[in-house]
Student: 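Below you'll find the structure I mean.
By convention in this document, chain letters (A, B, ...) are assigned in the order of the sequence lines, proteins followed by strands, and residues within each chain are numbered from 1.
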Protein chains: 2
Amino acid sequence: MHSFTEENYIKAIYKLLESGDETISTNAIAEKMRTKAASVTDMLKKLAAKKLINYQKYQGVSLTGKGEKIALNIIRKHRLWEMFLVEKFNFKWDEVHDVAEQLEHIQSDKLIEELDKFLNYPKTDPHGDPIPDAKGKLLVRKSKSLSQFRVNDVCIMTGVVDHSPAFLQYLDKTGFQLGNEIKIKDSVEFDKSLQIIVSKKNTFFISYDVAKNILVILK
Amino acid sequence: MHSFTEENYIKAIYKLLESGDETISTNAIAEKMRTKAASVTDMLKKLAAKKLINYQKYQGVSLTGKGEKIALNIIRKHRLWEMFLVEKFNFKWDEVHDVAEQLEHIQSDKLIEELDKFLNYPKTDPHGDPIPDAKGKLLVRKSKSLSQFRVNDVCIMTGVVDHSPAFLQYLDKTGFQLGNEIKIKDSVEFDKSLQIIVSKKNTFFISYDVAKNILVILK
DNA sequence: ATAAATTTTTAGACTAATCTAAATTTTATT
DNA sequence: AATAAAATTTAGATTAGTCTAAAAATTTAT
């Protein structure tokens with residue numbers, strides 16, 4: 001249907017659009033795809049010809065309905081496979097990305113249906129990211145960054161912003177898990193670092209940088 | 001490491017060599033790969049440069065040790081995935097091939113280790129084909145074609161030669177399964193067709209063509 | 001053993017995806 | 001509003017894999 005490369009561009013465009021803007025730039029895509037702007041322009045022409053993106057020279061890029069549907073399907077597959085690897089194959093949440101990146105391109109509707117069923121229709125992946133359903137419907141999370149809360153707020157950890165192994169391993173080491181209760185004990189005005197109590201037991205100091213990358217909802 | 005295309009050539013060469021000959025021809029590979037001889041020649045040069053095949057112009061092709069190891073690893077992955085699809089995802093044995101053909105190229109040692117463990121280290125795939133172990137060791141089957149046996153021989157079905165959905169569905173419909181006992185009741189000299197009793201219950205007439213494609217061992 | 005047939009390889013071209021360098025357009029700055 | 005800076009696109013090359021048509025080597029047949 002579409003090449004791996006096309007799928008990867010579509011996914012990159014989707015993810016860039018997710019962060020708010022109406023359209024995104026050639027350079028932004030080039031950076032995300034770790035390629036050069038000239039290569040991106042070529043691909044944009046191709047995707048526009050296939051009606052997967054809205055694209056006019058120099059005017060930025062957005063996805064068509066068709067393109068968005070493809071993006072959501074790839075993300076669905078990626079997140080289901082991540083869940084599978086963690087739940088069934090003893091992968092850690094910091095180990096799944098590269099393999100899921102490959103598995104997300106496997107073409108088989110039956111495979112994905114069975115995968116979803118096998119996992120008992122999970123709503124989120126191991127990082128707390130929502131899994132689009134078979135129709136491409138995606139639950140919007142109401143989570144906010146822990147850094148936006150104040151002293152004495154009690155929250156539940158629901159996800160992460162940064163998905164890098166380094167950050168995920170840091171969370172593992174300090175014992176953070178999705179679903180944990182986090183109470184903000186104190187806040188340092190100078191560097192916005194926080195003192196928090198996790199699961200009513202463990203007290204930690206975390207930097208503003210860490211707090212920004214932890215997603216929570218108010219309890 | 002190696003491209004999907006390279007892996008597919010290596011696998012095709014391995015399978016052609018399996019059927020006996022010391023070396024195989026450019027045309028044979030072209031037919032198997034559904035491509036043209038000229039394309040094959042180009043790829044042979046590339047694989048020879050990577051020392052995966054032994055190749056001298058006009059002199060046929062064989063695999064080097066390195067090439068054979070790669071082939072066995074791809075076959076290992078293919079067969080483990082087939083087993084997984086049938087055992088865990090409700091695929092029929094005639095439905096697995098295309099998906100396994102994609103999954104066999106996924107690169108992750110941990111994934112394959114866990115897959116093998118998850119399936120409890122199976123020795124054969126859903127078609128009875130042996131699964132190479134992690135070191136590339138492959139059990140050689142002593143099975144022979146049912147067509148080589150005589151009246152009153154009692155055999156156990158261990159595999160199939162033809163893997164086409166049409167043939168596998170025919171076997172399903174008539175109720176053949178791996179492990180079934182097959183007793184040869186009668187043989188028609190004219191067309192070499194057989195009358196057989198499966199599992200001491202069901203009597204069938206099968207053509208020579210079908211008999212040739214059923215692998216068995218003497219009970 | 002020579003000619004004919006077949007197989008295989010080479011030559012040259014094509015597509016997809018990429019790149020560098022140059023040209024063009026847009027945006028920002030004075 | 002003119003110009004400088006930045007972003008984007010075009011032009012032309014490159015690599016992997018494929019193709020057709022022609023050339024070369026091998027095999028088969030007389």
Student: So which nucleotide from dT9(D), dA7(D), dT20(D) ends up closest to the side chain of Ala37(A)?
Tutor: dT9(D)
Student: State which of dT20(C), dT7(C), dT18(C) makes the closest approach to the side chain of Met43(A).
Tutor: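 Minimum distance to the Met43(A) side chain belongs to dT18(C).
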Student: If you look at every strand shown and take non-hydrogen atoms under 4.0 Å, does Thr5(A) touch a base, only sugar-phosphate, or nothing?
Tutor: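 Answer is sugar-phosphate: Thr5(A) comes under 4.0 Å of backbone atoms only.
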Student: Can you check the Tyr58(A) OH to dA6(D) C1' distance for me, whole Å?
Tutor: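 Checked: the OH to C1' distance equals 12 Å.
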Student: Does Asn27(B) make a side-chain N or O approach to OP1 or OP2 of dT6(C) shorter than 4.0 Å?
Tutor: no
Student: Can you confirm whether more than 12 heavy atoms, excluding those of Lys69(A), are under 6.0 Å from its NZ atom?
Tutor: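 Atom NZ in Lys69(A) is not packed in, count stays at 12 or less.
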Student: Of the listed nucleotides (dC19(C), dC19(D), dT8(C)), which one gets closest to any side-chain atom of Thr35(A)?
Tutor: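 Minimum distance to the Thr35(A) side chain belongs to dC19(C).
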Student: Provide, to the nearest angstrom, the distance between the CD atom belonging to Glu31(B) and the C1' atom belonging to dT6(C).
Tutor: 15 Å
Student: What's Tyr9(B) touching, base or sugar-phosphate or nothing? Going by heavy atoms closer than 4.0 Å.
Tutor: sugar-phosphate
Student: Side chain of Gln59(A) only, heavy atoms from C-beta on: which candidate in dT26(C), dC19(D), dT9(D) is closest?
Tutor: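 Closest nucleotide to the Gln59(A) side chain: dT26(C).
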Student: Given atom CD1 of Ile24(A) and atom C1' of dA7(D), what is their separation to the nearest angstrom?
Tutor: 14 Å
Student: Kindly point out which of dT20(D), dC19(C), dT9(D) is positioned nearest to the side chain of Lys36(B)?
Tutor: dT20(D)
Student: How about NZ on Lys110(B), more than 12 heavy atoms from neighbouring residues, nucleotides or ligands closer than 6.0 Å, or not?
Tutor: yes
Student: Taking everything shown except Asp109(B) itself, do over 12 heavy atoms lie less than 6.0 Å from its CG?
Tutor: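 For Asp109(B), atom CG is not crowded (no more than 12 foreign heavy atoms under 6.0 Å).
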Student: For the residue pair Phe167(A) and Tyr170(A), does the interplanar ring angle fall in the parallel (under 30°), tilted (30 to 60°) or perpendicular (over 60°) class?
Tutor: parallel
Student: Please state how far atom NZ in Lys57(B) lies from atom C1' in dA11(C), giving the value in whole angstrom units.
Tutor: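 Atom NZ in Lys57(B) sits about 13 Å away from atom C1' in dA11(C).
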Student: Whole-Å distance between dT18(D) P and Met33(B) CE?
Tutor: 6 Å
Student: Please report, rounded to the nearest Å, how far the P atom of dA16(D) is from the CG atom of Leu44(B).
Tutor: 16 Å
Student: In terms of heavy-atom contacts, does CD of Glu31(B) have more than 12 from other residues, nucleotides or ligands at under 6.0 Å?
Tutor: no
Student: Base, sugar-phosphate alone, or nothing: which one does Thr26(B) contact when heavy atoms must sit under 4.0 Å apart?
Tutor: sugar-phosphate
Student: Of all the nucleotides listed (dT9(C), dT18(D), dT25(C)), which has the minimum atom distance to the side chain of Asp42(B)?
Tutor: dT18(D)
Student: Kindly point out which of dT10(D), dT26(C), dT7(C) is positioned nearest to the side chain of Lys45(A)?
Tutor: dT10(D)
Student: How many Å lie between CD1 on Ile29(B) and C1' on dT7(C), as a whole number?
Tutor: 13 Å
Student: From CD of Glu6(B) over to P of dT15(D), roughly how many Å is that when rounded to an integer?
Tutor: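 It works out to 15 Å between those atoms.
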Student: Which listed nucleotide (dT10(C), dT8(D), dT20(C)) is nearest to the side chain of Ala38(A)?
Tutor: dT20(C)
Student: Counting side-chain heavy atoms from C-beta on, which of dT26(D), dT8(D), dT10(C) comes nearest to Thr41(B)?
Tutor: dT10(C)
Student: When the ring planes of His127(B) and Trp93(B) are compared, do they come out parallel, tilted or perpendicular, using 30° and 60° as the limits?
Tutor: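 Rings of His127(B) and Trp93(B): parallel, under 30°.
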Student: Measuring from the side chain of Ser39(B) (C-beta onward, heavy atoms only), which nucleotide among dC19(D), dT9(C), dT8(C) has the closest atom?
Tutor: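 Of dC19(D), dT9(C), dT8(C), dC19(D) is nearest to the side chain of Ser39(B).
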